[in-house]
Amino acid sequence: MSDATNDRVRWAVVGTGGIARRTVGDLRASGGAEVVAVASRSQASADAFAAEFDLAGAYGSFEELCAADGVDAVYIGTPHSTHFAYAKAALEAGKHVLCEKPLTMTADESRELGAIAARHGRFLMEAMWMAFGPAVRRTRELIAEGVIGEPRFLQAGLGYPVPADGPPRFWDASLGGGALYDMGIYTVTLAQLLFGTPTDITVRGEMRDDGVDLHETYQLDFASGASAQLVTSITFLVPPSGWIGGTQGSISLNEPLFSPRSIRVTTGRPPAPPVSETIEFPAEELGYVPMFREVNAAILAGELEHPTRPISATVEALETMERIKALLAEHRDRQSSD
Ligand SMILES: NC(=O)c1ccc[n+]([C@@H]2O[C@H](COP(=O)([O-])OP(=O)(O)OC[C@H]3O[C@@H](n4cnc5c(N)ncnc54)[C@H](OP(=O)(O)O)[C@@H]3O)[C@@H](O)[C@H]2O)c1
């Protein structure tokens, strides 16, 4: 069992792919963190990554990392379908866990991880960096202050045509492939942050027989009367942006949706001309710093969850995504039987 020192969390990165490479710098810059090691399925990859990023520890298997002293927390950056097993093993080995989105492939698995984390007294969170970024934070504050009146509608999208020879995690059902769990998760999470859990869901799109969803539009309706129209895709481009319409104004979240550099707030009621203001947010490194900073602080304070992304919220978002995928499968099956 490991314990963070008083002033810093000693992190190990799990996986040597795209997101692991992208985030080491931000993790280092976040304050209260030391990146001490990497784990890979191969010793050669771990050694190369450790040399490139100047890390003291290089583990050629996840089991070796779990057994290691001097590592307080793991940041899991591997394909979706591997998250549950890695997070479970790390928590049981006494490590805190920050895991890339989606935390798991099912809501039940996230519930189970939450229970394991609580039992072992270890921190657990899905790395939903969008929720920690200054643009989404400020948007939620402005809405809470009533600046756009009552929020009634969200339109948001995120998607891009992933090449057929692109990363297998997008196309391989066994790795959790598809658009929704990779990119659509941001739109579902944004709707959840604004409106809560949907009562009704309508879905149209295309899903392969193996369950890999290629693209979908989904409307989420909420008990308050608010609704969200969302779209995601791995076969065509969906500009990563969104807007929220309220009874007295609107807020546009400018690209990229997961880490907007600016928002545009428009207020005013006809016949008065609308007044628009653009609010800029300086980027901290690549944008992951705010999340890492808050996770470090939470771990050092002995917290087991973070209030901005508690496990209950992750579970609810996964329940919504499971419903979307089930409805999309029904839609596919109805079409093929026609
Ligand atoms: N927050 C963001 O901005 C963001 C951006 C991109 C991706 N992500 C998330 O990060 C996760 C990883 O995405 P990525 O783009 O980094 O993927 P990737 O480039 O394909 O890399 C994943 C790494 O995971 C390791 N791995 C462990 N088990 C594996 C398995 N069974 N099959 C293949 N690789 C395995 C591999 O490293 P070793 O060979 O060293 O084991 C591989 O390099 C995903 O869950 C995704 O949702 C988040």
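As the structure lists them, so they are numbered: ligands from 1, and atoms in each ligand from 1. Keep in mind the model is a prediction, meaning the values are calculated, not measured. These numbers come from the heavy atoms of this one structure, side chains and all, not from hydrogens, waters or symmetry mates.
The ring pair (Phe, Tyr, Trp, His ring centres under 6.0 Å) pairs that include a residue from residues 301-338 are Phe132-His306, where partners are two or more places apart or lie in different chains. Sorted by first then second residue, the ring pair (Phe, Tyr, Trp, His ring centres under 6.0 Å) pairs that include residues 14-50, not counting sequence neighbours, are Phe49-Phe53.
Taking 4.5 Å as the limit, every side-chain heavy atom of Gln248 sits out of range of all side-chain heavy atoms of Ile148. Between Glu206 and Asp213, every side-chain heavy-atom pair lies at or beyond the 4.5 Å cut-off.
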Can you give each donor-acceptor pair under 3.5 Å made by side-chain atoms of residues 183-197, sequence neighbours left out, with the distance rounded to 0.1 Å?
| unit_1 | atom_1 | unit_2 | atom_2 | d |
| --- | --- | --- | --- | --- |
| Tyr186 | OH | Trp129 | NE1 | 2.9 |
| Thr187 | OG1 | Gly184 | O | 2.7 |
| Thr187 | OG1 | Tyr218 | OH | 2.8 |
| Thr189 | OG1 | Ile185 | O | 2.7 |
| Gln192 | OE1 | Arg309 | NH1 | 3.1 |
| Gln192 | OE1 | Arg309 | NH2 | 3.0 |
| Gln192 | NE2 | Ala313 | O | 2.9 |
| Thr197 | OG1 | Glu316 | OE1 | 3.1 |

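Looking only at distances, no side-chain donor or acceptor of Ser276 sits under 3.5 Å from a matching main-chain atom of Thr266.
Sorted by chain then number, the residues whose non-hydrogen atoms approach ligand 1 to under 4.0 Å are Gly15, Thr16, Gly17, Gly18, Ile19, Ser40, Arg41, Gly77, Thr78, Pro79, His80, Thr82, His83, Tyr86, Glu100, Lys101, Trp129, Arg169, Leu175, Asp182, Tyr186, Tyr288.
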